[in-house]
Amino acid sequence: MSDRTFIRHVVLFSAKDQDDVARIVDGLSMLKNIPHASVFEVVQNNRVDALSGEIDVVVYAEFADDAALQAYKAHQIYQDAIAVVRPLREMRIAADF
């Protein structure tokens, strides 16, 4: 176990249609306007791993604690981003550690 005092939040997305990847990135980029993350990135996957090509977009964020992560998820911008991205995505996998 780590003695780290913050939470890492990683979410992986795949697009239903490759033509929508930029729209997914744009929709997820709305989340950077939520003030609760100490670090926040949305990036398109470079697809350099020869064994896995399913992931199109990655969200990486760091939160001071669970309260900050929960406040982030409760923010209206989070709901707005879901409304944009959910119809465009095939898969969403999240991990918090």
Side-chain angles (χ1 to χ4, degrees):
M1 288 301 271
S2 170
D3 59 355
R4 182 175 2 100
T5 60
F6 61 91
I7 297 172
R8 289 180 176 148
H9 177 67
V10 180
V11 189
L12 310 173
F13 294 86
S14 66
K16 289 180 183 177
D17 183 331
Q18 289 299 300
D19 291 339
D20 290 329
V21 171
R23 290 176 57 203
I24 292 171
V25 170
D26 289 344
L28 293 170
S29 293
M30 296 167 53
L31 299 170
K32 69 182 176 190
N33 296 312
I34 301 175
H36 304 288
S38 57
V39 173
F40 185 86
E41 297 179 70
V42 176
V43 295
Q44 190 168 339
N45 186 11
N46 290 334
R47 295 181 180 256
V48 295
D49 187 305
L51 301 176
S52 177
E54 299 85 7
I55 304 304
D56 296 308
V57 181
V58 178
V59 172
Y60 175 82
E62 295 177 3
F63 296 89
D65 53 29
D66 188 57
L69 176 57
Q70 295 311 315
Y72 163 83
K73 291 181 177 183
H75 200 284
Q76 182 59 48
I77 293 173
Y78 188 85
Q79 299 306 315
D80 296 343
I82 288 172
V84 170
V85 173
R86 183 175 279 161
L88 305 174
R89 70 164 170 86
E90 182 72 33
M91 177 182 59
R92 176 190 181 272
I93 299 173
D96 298 308
F97 56 98

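What you are looking at is a predicted structure, and each value in this text was computed from that prediction instead of being measured. Index from 1, following the sequence.
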Can you tell me which residue pairs pass the salt bridge (charged side-chain N to carboxylate O under 4.0 Å, His left out) test with a partner in residues 67-93, sequence neighbours excluded?
->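 The answer is Lys73-Asp96.
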
Using links of under 4.5 Å between side-chain heavy atoms of ILVMFWY residues, direct or through other members, which residues join Val42 in one cluster?
-> Ile7, Val11, Phe13, Val21, Ile24, Val25, Leu28, Met30, Leu31, Ile34, Phe40, Val57, Val59, Phe63, Leu69, Tyr72, Ile77, Tyr78, Ile82, Val84, Val85, Leu88

Heavy-atom closest contact ([X] atom, [Y] atom, distance):
X     : Y     : value
Lys16 : Pro87 : NZ-O, 3.4 Å
Gly27 : Ala81 : O-CB, 3.5 Å
Ser14 : Glu54 : CB-O, 3.1 Å

Cluster overlap Val48 with Val58, hydrophobic side-chain contacts below 4.5 Å |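 Val48 and Val58: separate clusters.
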
Sequence neighbours left out, what passes side chain to side chain donor-acceptor pair (under 3.5 Å) with Glu41? Give chain and number order.
->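 Partners of Glu41 by the side chain to side chain donor-acceptor pair (under 3.5 Å) criterion come out as none, since no residue qualifies.
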
If you round to the nearest 0.5 Å, how far is OG of Ser52 from CG of Asn45?
->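 The CG atom of Asn45 sits 7.5 Å away from the OG atom of Ser52.
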
